[in-house]
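In what follows, a single structure is set out as structure tokens and then discussed.
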Number of protein chains: 2
Amino acid sequence: MVVADERRTDTRGQIRQVALELFAEQGYEKTSLREIAERLGITKAAVYYHFKTKEEILRTLFDELLAGMEELTAWAAEQPRTAEVRGEVLRRYQALLGGGATAPLIRFVQESQASLKDLAPGEEMKQRFAALARVLVPEDGSAEEQLRARLAVIALHLGAFSDDVADATPEQRGAAALAVALDLAR
Amino acid sequence: MVVADERRTDTRGQIRQVALELFAEQGYEKTSLREIAERLGITKAAVYYHFKTKEEILRTLFDELLAGMEELTAWAAEQPRTAEVRGEVLRRYQALLGGGATAPLIRFVQESQASLKDLAPGEEMKQRFAALARVLVPEDGSAEEQLRARLAVIALHLGAFSDDVADATPEQRGAAALAVALDLAR
DNA sequence: GTCTATAATACGATAGAC
DNA sequence: GTCTATCGTATTATAGAC
């Protein structure tokens, strides 16, 4: 029987974690593999033992969230396009954003859209993103309704990572974001 | 009397325009001076005759919008914090975004926030941005009101450049964006 | 005002030792 | 699994000719 993957020093996981922090903070292009390696006290070549390319690091960072978004969108597509379903989609999406280290990831996606444009994982994220917004709009939705749906998603994103809201705990920010998102997609 | 600056071939202006297009499309880091020069059929060294550094190009791109935002925020700070004033601020801000080649500029700011973070012009833009959102919130506004104000500004940004809204002219998108922004800052 | 040529440096990625 | 050393290429930026 195969036991759980419990390496004593999970270098691959540490690379992913540091890369995510740096990508979120300063963007993908500006973050070099040398910088990632130095933070871990290893060399660039050691990073290349764990990942074939820089883009592969990015891909593994996106994997979990992409799968969750795909599942959520598929579920939503089978539901009627009612306000109640839209509310449930937003609640489930926010739960998805709350899991694990998703906060820096969603900050990265939100603040580095331009540089993600011509990377395969970024392109897939953009499409999943659009598909999610689509199920939040009634059939033949107006331009205003489409915009409100996009903003509802952005509201949840900002609530998940934004730290410049005065005097609010993460829980308060999350609750406020959900309230605004529900109002936008009502 | 000094006449208007009417050079026959305004290379400096062309550099600014091409740089803005490329920055908006693929981000600041990813856009090289070689790429800008090649689009204009000149060399990198020629670009350096017109601008001392790459960052100086960015600075001149931001100048006009920054001045307009400063003026608008200063005006708003002198008004009472009423819903009517908030509406007028949003209308004036949208007018600001409609002038000249501001659409790619605001797209660039919206989609490359991470890479702009440690560039002086980007930092100034971020602060002007925050100041604008601040005058859109009542005194001691709740976390929800602060988020709504930020989203109102983002709504106008998306309306100014977003091209992925089905079946809508730029005018319709602008009108929809203003309607949503007004609702968010009501 | 634009050019050629180049300096100085960093990047992603690979080879091969240990 | 990590290292040293390096390849090939790109970058920003400068010097100096025309």
With a 4.0 Å cut-off, would you call [X] and [Y] a salt bridge?
{"X": "B:Arg39", "Y": "B:Glu35", "result": "no"}
{"X": "A:Arg34", "Y": "A:Glu38", "result": "yes"}
{"X": "B:Arg148", "Y": "B:Glu145", "result": "no"}
{"X": "A:Glu123", "Y": "A:Lys117", "result": "no"}
{"X": "A:Asp164", "Y": "B:Arg150", "result": "yes"}

Check the distance between [N]'s [atom2] and [X]'s [atom1] and give it to me in whole angstrom.
{"X": "A:Leu40", "N": "D:dG1", "atom1": "CG", "atom2": "P", "value": "15 Å"}
{"X": "B:Lys54", "N": "D:dA10", "atom1": "NZ", "atom2": "P", "value": "15 Å"}
{"X": "B:Glu56", "N": "D:dT12", "atom1": "CD", "atom2": "P", "value": "15 Å"}
{"X": "B:Phe51", "N": "D:dT14", "atom1": "CZ", "atom2": "C1'", "value": "18 Å"}
{"X": "B:Lys52", "N": "C:dG1", "atom1": "NZ", "atom2": "C1'", "value": "17 Å"}

(request) Determine the interplanar angle of the B:Phe129 and B:His157 rings, folded into 0 to 90°, and report it as parallel if under 30°, tilted if 30 to 60°, perpendicular if over 60°. (result)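 If you compare the ring of B:Phe129 with that of B:His157, the planes turn out parallel.
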
(request) Mind listing the residues from residues 29-39 of chain B sitting with a heavy atom below 4.0 Å of DNA chain D? Number order is fine. (result)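 Hits under 4.0 Å, by residue number: B:Thr31, B:Ser32, B:Leu33, B:Arg34.
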
(request) Indicate if B:Val137 and A:Leu158 have the same hydrophobic cluster label, given that clusters are the connected sets of ILVMFWY residues with side-chain heavy-atom separations under 4.5 angstrom. (result)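 No: no chain of side-chain contacts under 4.5 Å links B:Val137 to A:Leu158.
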
(request) Kindly say whether B:Asp183 contributes a backbone atom to a donor-acceptor pair with the side chain of B:Arg186 at under 3.5 angstrom? (result)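 Pair found, side chain donor or acceptor close to backbone of B:Asp183.
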
(message) Test your reading of the model: is there a side-chain donor-acceptor pair from A:Glu111 to the backbone of B:Ser112, 3.5 Å cut-off?
(response)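 Looks like no, no N/O pair under 3.5 Å.
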
(request) Give me the bend of the helix from C:dG1-D:dC18 to C:dC18-D:dG1, using the axes of the five pairs at each end, rounded to 10°. (result)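 Comparing the first five pairs with the last five, the axes sit 0° apart.
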
(request) Answer yes if the side chains of A:Thr31 and A:Gln26 hold a donor-acceptor pair under 3.5 Å, and no otherwise. (result)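 The answer is yes; a qualifying pair exists.
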
(request) Please determine if B:Lys30 forms a cation-pi arrangement with B:Phe23, meaning its NZ or CZ atom is less than 6.0 Å from the six-membered ring centre and no more than 45° off the ring axis. (result)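 Negative - B:Lys30 is either too far from the ring of B:Phe23 or too far off its axis.
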
Between the protein and nucleotides 2-4 of chain C, which nitrogen or oxygen pairs are less than 3.5 angstrom apart?
| residue | atom | partner | partner atom | Å |
| --- | --- | --- | --- | --- |
| C:dT2 | OP1 | B:Thr11 | OG1 | 3.1 |
| C:dT2 | OP2 | B:His50 | NE2 | 2.8 |
| C:dC3 | OP2 | B:Thr43 | N | 2.6 |
| C:dC3 | OP2 | B:Thr43 | OG1 | 2.9 |

